[in-house]
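Notes for the one structure printed next.
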Amino acid sequence: MNVKILFGKPGAGKGTRFGALEDRDRFEQISVGNLLRAAVKNGTELGRQAKSFMDSGALVPDSLIINLVIEAIESSDKNDLVLDGFPRTVGQAYAMLAADILPSMVLVLDLPDEVVIQRSRDRVVCPQCGQPYTLNDFHPPKVAGICDDCGSELIRRKDDEEAVVRERLNVFSTETFPVLQVLSDAGIAVHTIDNTQPDAGNQFAELMHK
Ligand code: AMP
């Protein structure tokens with residue numbers, strides 16, 4: 001099993017870059033945010049517990065996340081897995097390593113905070129399948145307001161509101177950024193892409209195919 005981690009500030013473009021890969025179906029994408037949003041939408045116990053954390057920009061407690069993600073990884077029938085939004089705390093990183101899940105690399109998408117805030121303003125997502133699109137001409141849907149993949153009407157995420165984005169950026173620097181050190185200490189290769197550069201998409205695709 002080849003596991004890759006997509007790492008970066010919320011809104012740095014992880015889901016968007018992955019969604020723009022031509023052969024993305026080859027990979028099993030485990031997006032914790034999408035799993036949680038589906039749980040909220042379906043009104044499950046997990047969704048009920050996670051919702052207030054998500055709406056305020058906080059992280060959902062590790063106790064609700066760790067087993068959810070480890071089970072999703074272990075039950076995957078694909079060989080290539082992409083973790084989008086995990087691990088986001090040092091505790092999650094240690095739990096992943098303790099479960100003998102040793103990713104082959106971390107792809108860091110790097111963006112200045114002000115660019116993240118602008119991009120959050122420009123983002124819409126599919127409420128059905130989670131695919132993100134942009135309102136600018138970077139990665140728009142083929143038909144305005146409609147998901148290319150499943151035809152649902154696109155929406156703005158509540159946590160893309162500016163105050164929530166700023167809170168999520170704070171949480172990233174205090175709780176998530178230290179995860180990089182844990183992963184690199186475990187011997188996992190860390191590749192950083194400057195996601196403001198025109199060539200970032202090519203660099204991303206190249207690393208995803210390594
Ligand atoms: P995302 O779509 O990845 O930006 O995630 C949306 C929200 O889901 C985050 O702001 C958190 O509240 C929650 N979330 C996603 N991944 C995690 C995680 N690994 N640990 C805790 N909370 C998470």
Side-chain angles (χ1 to χ4, degrees), residues 3-19 29-42 44-73 81-99 101 103 106-111 113 115-117 119-134 139 147 154-180 182-183 195:
V3 181
K4 294 186 170 80
I5 296 176
L6 300 187
F7 192 91
K9 295 170 185 171
K14 303 182 289 292
T16 304
R17 285 279 178 226
F18 180 77
Q29 179 199 18
I30 299 181
S31 160
V32 183
N34 287 352
L35 289 175
L36 292 172
R37 279 184 289 277
V40 171
K41 188 160 166 265
N42 296 329
T44 66
E45 180 57 22
L46 168 68
R48 207 183 53 72
Q49 293 184 46
K51 188 173 186 311
S52 60
F53 295 102
M54 296 170 75
D55 285 349
S56 69
L59 291 178
V60 175
D62 282 358
S63 57
L64 295 177
I65 298 290
I66 289 171
N67 288 341
L68 174 82
V69 180
I70 290 178
E71 274 166 30
I73 296 171
L81 272 80
V82 173
L83 304 184
D84 173 358
F86 182 89
R88 252 169 155 144
T89 64
V90 165
Q92 292 175 13
Y94 284 128
M96 176 188 77
L97 296 170
I101 297 163
V106 187
L107 264 89
V108 183
L109 285 173
D110 197 24
L111 267 189
D113 284 5
V115 180
V116 168
I117 290 164
R119 289 193 184 178
S120 300
R121 283 190 201 119
D122 284 344
R123 174 160 67 172
V124 284
V125 296
C126 175
Q128 208 57 42
C129 69
Q131 176 67 37
Y133 298 92
T134 60
H139 179 52
C147 179
L154 302 174
I155 58 163
R156 292 212 50 194
R157 277 168 47 173
K158 199 169 177 185
D159 56 6
D160 276 338
E161 285 168 20
E162 184 162 334
V164 179
V165 173
R166 289 193 186 274
E167 172 58 16
R168 296 172 83 214
L169 288 168
N170 275 337
V171 169
F172 175 82
S173 59
T174 54
E175 295 188 54
T176 304
F177 186 71
V179 167
L180 265 191
V182 174
L183 299 176
N195 207 13

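Remember, it's 1-based here, ligands and their atoms both numbered in the order they're listed. All values below come from the heavy atoms of this structure, side chains included, with hydrogens, waters and symmetry mates left out.
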Nearest non-hydrogen protein atom, atom 4 (O) of ligand 1: Arg168 NH2, 2.4 Å
Spacing of CD1 belonging to Ile5 relative to CG belonging to Leu183, to within rounding of 0.5 Å: 4.5 Å
For atom 11 (C) of ligand 1, closest protein heavy-atom neighbour: Ala58 O, 3.5 Å
Gly57 heavy atom under 4.0 Å from ligand 1: no
Check: Ala12 main-chain N/O paired with Asn195 side-chain donor or acceptor under 3.5 Å: yes
Glu161 and Arg156 ion-paired at < 4.0 Å: no
Heavy-atom nearest neighbour of atom 20 (N) of ligand 1 within options Arg88, Arg37, Gln92, Lys14: Gln92
Val32 neighbourhood, listing ligand 1 atoms whose heavy-atom distance to it stays under 4.0 Å: 15 (C), 16 (N), 17 (C)
Any Val124 side-chain heavy atom under 4.5 Å of Thr134 side chain: no
Top protein contact for atom 14 (N) of ligand 1, by heavy-atom distance: Leu36 CD1, 3.5 Å
Identified side-chain contact (heavy atoms from CB on, under 4.5 Å) counterpart of Ile66 within the set Leu68, Leu64, Asp62: Asp62
Check: Gln92 side chain, Arg88 main-chain N or O, donor-acceptor pair, under 3.5 Å: yes
Which of the ligand 1 atoms, numbered from 1, are nearer than 4.0 Å to a heavy atom of Gly85: 16 (N), 17 (C), 18 (C), 19 (N)
Any N/O pair Pro10/ligand 1 closer than 3.5 Å: no
Protein residue, atom and distance nearest to atom 21 (C) of ligand 1, heavy-atom basis: Val60 O, 3.2 Å
Proximal ligand 1 atoms for Arg157, defined as those under 4.0 Å from one of its heavy atoms: 1 (P), 2 (O), 4 (O), 6 (C)
Any donor-acceptor N/O pair, Lys14 side chain to Lys9 backbone, under 3.5 Å: yes
Rounded distance [0.5 Å steps], CD1 in Ile30 versus CG in Leu6: 11.5 Å
Mode of Ile65 contact toward ligand 1 - side chain, backbone, both, neither (heavy atoms, under 4.0 Å): side chain
